[in-house]
Amino acid sequence: MVAIRARRLFDGERMIRAERPTVLVDGGVIRSVFDGPPPSGHEVVDLGSATLMPGLIDAHVHLAFDATADTVAGLVTADDDVVLDRMRSASAATLDAGVTTARDLGDRGYLGVRVRAETAADVRLGPRLLVAGPPITSVGGHCWFLGGEVEGVEAIRAAVRERAARGVDVVKVVVTGGRLTAGSHPHEVQFGPAELSAVVQEAKRHALPVTGHCHAADGIADAVAAGFDGVEHCTFVTADGTNVDPALLSRMAAAGTRVTLTLGSVPQPGDHTGPDGVDPRRKAVHDALWRVATSGVPVACASDAGCGPGKPHGSLAYAVLAMADLGFSPTEALRAVTSGAAQVCGIADQVGRIAPGYQGDLLAVHGDPAIDPGALRHVAAVFRAGLRVR
Ligand SMILES: [Zn+2]
């Protein structure tokens, strides 16, 4: 039994400014949370003036991506041993940043399944991982280089069965194009309704959730109509702007479609901005994301770490800052990387809250992140399953 104390506590829902809260963890699980000093006889970890909160959940990362300007080349020229080493480092950097659960939404060769086993066996190596394996994509489609190309209904069914057999936690389908892949465009769809329905039917047989990379409104609509559990990005981009569909958002809210916003980046020299200092296209996307996130759908805020130089592994704090910049309160942004992200990932009964019965995954940061979310960049301690790992 270990008693962890701090100045204040964010429980995944709200900030509790109590008389120095104490969290008791035993057997890797939170047993009780109360104000004031721990009973005698327990090992006490006193984190002084820090804020205690649930370990962060990054609902969308790519451990296999090297966060350089040419992520694709970095991957296609590397053999599996190199990629595996990169994923191990990325995993460690993610845990360094206080992320105790991460969902890897696209690897090559199911390497994520191996890393998941390694971080489960030794919690100091990285976060709990949920993995998708290679994302299912069209021939030559977005992220084809990860090895998940399929064509036609039977092939897509077989791809889902293969992923189930390999032990993935979630099926990821690339429903629309993306910016990262040459010749692929976010405003274009890659699959028809029959293929998307086949994915959901097959995944249900294996009790696997399905999430879709969807930028264009048509792709979001098709995924929701097919019964996808989740939508990634959800930017509603067109060739030259955005076209948010309020009726579609209402259907998503009614269906409980879970949305992962991928936001923010570490500022880079030469970031493009317009004459008034604001990139107009980025502004349109931000307006769209605000409308998505206020429509009543469950929302996670994630990094998409690995995708480029502005998205190094362990940069989830910048996603939280970006969500606050959209207009959300710091507390709302914190929920989107704790309790909200757990709901989106389908693990809301295990992680994302500091409450009895939840995993002893905790983060302590210097400062008060409900006042300044930038405090998330100042990690004081990280616990996984009750063990101090940072
Ligand atoms: Zn991604």
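Values below: every heavy atom of this structure, side chains too, minus hydrogens, waters and symmetry copies. Source: prediction; values computed, not measured. Nothing fancy with the numbering, it's 1 onward along the sequence.
- There is a path of hydrophobic side-chain contacts, each under 4.5 Å, that joins Val83 to Val168.
- Partner His213 forms a side chain to side chain donor-acceptor pair (under 3.5 Å) with one of Gln190, Lys172, His60, His233 and no other, that one being His233.
- Panel note: side chain Asp229, backbone Val210; a donor-acceptor pair is recorded below 3.5 Å.
- The environment of CZ in Arg281 is crowded: more than 12 heavy-atom neighbours from other residues, nucleotides or ligands sit within 6.0 Å.
- Without hydrogens or angle criteria, Thr71 side chain to Cys307 main chain gives a donor-acceptor distance under 3.5 Å.
- Rounded to the nearest 0.5 angstrom, Asp11 CG and Leu334 CG are separated by 11.0 Å.
- Contact between Thr181 and Gly141 at its shortest, heavy atoms only, is CG2-O, 3.9 Å.
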Show the numbers, then the answer: is there a side chain to side chain donor-acceptor pair (under 3.5 Å) between His142 and Thr137? CA-CA 7 Å; His142 179 47; Thr137 192; over 6 Å; no
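- In this structure, CG on Leu47 lies 6.5 Å from CG on Leu52, to the nearest 0.5 angstrom.
- Side-chain heavy atoms closer than 4.5 Å link hydrophobic residues (I, L, V, M, F, W, Y) into clusters, and following such links, possibly through other members, connects Val171 to Val175.
- Minimum interatomic distance between Val123 and Leu95 (heavy atoms only, all atoms of both residues): O-CD2, 3.5 Å.
- Considering only heavy atoms from C-beta on, His286 stays 4.5 Å or farther from Asp325 through its side chain.
- Clustering ILVMFWY residues whenever any of their side-chain heavy atoms sit less than 4.5 angstrom apart, transitively, puts Val320 in a cluster other than the one holding Ile371.
- The backbone N or O of Gly177 lies less than 3.5 Å from no partner atom in the side chain of His185, so there is not a single donor-acceptor pair.
- The shortest non-hydrogen separation linking Ala305 to Pro312 is CB-O, 3.8 Å.
- Checked against side-chain hydrogen bond (donor to acceptor under 3.5 Å, both in side chains), Asp81 has no partners two or more places apart in sequence or in another chain.
- Within a 6.0 Å sphere centred on CZ of Arg390, heavy atoms belonging to other residues, nucleotides or ligands number more than 12.
- Side chain of His313 to backbone of Phe65: a donor-acceptor contact under 3.5 angstrom is found.
- Residues Ile354 and Leu9 have side chains in contact (heavy-atom distance under 4.5 Å, counting atoms from C-beta outward).
- Screening Leu316, Leu321, Leu289 for a side-chain contact (heavy atoms from CB on, under 4.5 Å) with Leu263, the sole residue that qualifies is Leu289.
- Between Asp368 and Arg7 there is no side-chain heavy-atom pair separated by less than 4.5 Å.
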Give the C-alpha distance, both sets of side-chain angles, the deciding distance and a yes or no for side chain to side chain donor-acceptor pair (under 3.5 Å) between Gln350 and Arg128. CA-CA 11 Å; Gln350 302 162 45; Arg128 291 173 201 282; over 6 Å; no
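- Between the SG atom in Cys345 and the CD atom in Gln343 there is a gap of 10.5 Å [rounded to 0.5 Å].
- Remark: side-chain polar atoms of Glu149 are paired, donor with acceptor, to backbone N or O of Gly140 under 3.5 angstrom.
- Rounding to the nearest 0.5 Å places CZ of Phe228 at 6.5 Å from SG of Cys214.
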Pair up each side-chain donor or acceptor in residues 246-259 with any protein partner under 3.5 Å, not counting sequence neighbours, and list the distances.
from, atom 1, to, atom 2, distance (Å)
Ser250, OG, Pro246, O, 3.1

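- Formation of a donor-acceptor pair under 3.5 Å by the Arg20 side chain with backbone atoms of Gly48 is found in this model.
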Could you go through Ser303 and Asp58, starting from their C-alpha distance and side-chain angles, then the distance that decides it, and tell me whether this counts as side chain to side chain donor-acceptor pair (under 3.5 Å)? CA-CA 7 Å; Ser303 66; Asp58 196 339; 2.5 Å; yes
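- Inter-residue side-chain proximity for Arg163 and Pro134 is flagged as met; some heavy-atom pair is nearer than 4.5 Å.
- Checked for salt-bridge contact, Asp287 and Arg291 miss the test: no charged N lies under 4.0 Å from a carboxylate O.
- The distance from atom CG of Leu376 to atom NE2 of His378, rounded to the nearest 0.5 Å, is 9.5 Å.
- Within a 6.0 Å radius of CD in Glu151, no more than 12 heavy atoms belonging to other residues, nucleotides or ligands are found.
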When you look at Arg103 and Thr211, which way does the side chain to side chain donor-acceptor pair (under 3.5 Å) test go after all the steps? CA-CA 11 Å; Arg103 190 169 61 154; Thr211 197; 4.7 Å; no
Can you list the steps and then say if Val139 with Trp144 is a side-chain contact (heavy atoms from CB on, under 4.5 Å)? CA-CA 7 Å; Val139 174; Trp144 63 268; over 6 Å; no
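- In this structure the side chain of Arg179 reaches within 4.5 angstrom of the side chain of His215, judged on heavy atoms.
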Determine, step by step, whether Glu202 and Arg205 satisfy the salt bridge (charged side-chain N to carboxylate O under 4.0 Å, His left out) criterion, reporting the C-alpha distance in whole Å, the side-chain angles of both residues, the deciding distance to 0.1 Å, and the verdict. CA-CA 5 Å; Glu202 199 65 43; Arg205 265 182 213 129; 2.9 Å; yes
Stepwise side-chain contact (heavy atoms from CB on, under 4.5 Å) test for Leu363 and Thr100: CA-CA 8 Å; Leu363 164 65; Thr100 51; over 6 Å; no
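- Asp107 has its side chain out of reach of Leu63: every pair of non-hydrogen atoms, C-beta onward, lies at least 4.5 Å apart.
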Residues Thr101, Gln359; criterion side-chain contact (heavy atoms from CB on, under 4.5 Å); working and verdict: CA-CA 11 Å; Thr101 301; Gln359 292 294 325; over 6 Å; no
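- For the pair Thr235/Pro186, no side-chain contact is recorded, criterion being any heavy-atom separation below 4.5 Å from C-beta on.
- Judged by distance alone, with hydrogens and angles left aside, the side-chain atoms of Asp361 form a donor-acceptor pair with the main-chain N or O of Ala385 at under 3.5 Å.
- With Tyr110 as the aromatic partner, Arg116 does not meet the cation-pi criteria of under 6.0 angstrom to the ring centre and within 45 degrees of the ring axis.
- Between the side chain of Arg31 and the main chain of Asp26, a donor-acceptor pair closer than 3.5 Å is present.
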Asp85 and Arg88: side-chain contact (heavy atoms from CB on, under 4.5 Å), yes or no, with the steps? CA-CA 5 Å; Asp85 272 349; Arg88 289 175 178 136; 3.1 Å; yes
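- The two residues Thr22 and Ala3 have their closest heavy-atom pair at CG2-CB, 4.0 Å.
- Taking CZ from Arg5 and CG from Asp46, the interatomic distance works out to 6.0 Å, rounded to the nearest 0.5 Å.
- Side-chain N or O atoms of Thr51 include none that pairs as donor or acceptor with a backbone N or O of Arg8 at under 3.5 Å.
- Counting heavy atoms from C-beta on, the side chains of Leu56 and Thr338 come closer than 4.5 Å.
- What you find for Arg108 and Leu75 is that their closest heavy atoms are NH1-O, 2.9 Å.
- A distance-only check finds a donor-acceptor pair linking the side chain of Tyr358 to the backbone of Ala348 [under 3.5 Å].
- Residues Val174 and Ile136 are members of separate hydrophobic clusters, defined by side-chain heavy-atom contacts under 4.5 angstrom among Ile, Leu, Val, Met, Phe, Trp and Tyr.
- Contact record, Pro127 with Val99: CB-O, 3.4 Å, taken as the closest heavy-atom pair.
- A chain of hydrophobic side-chain contacts below 4.5 Å, direct or via other Ile, Leu, Val, Met, Phe, Trp or Tyr residues, connects Val224 to Val244.
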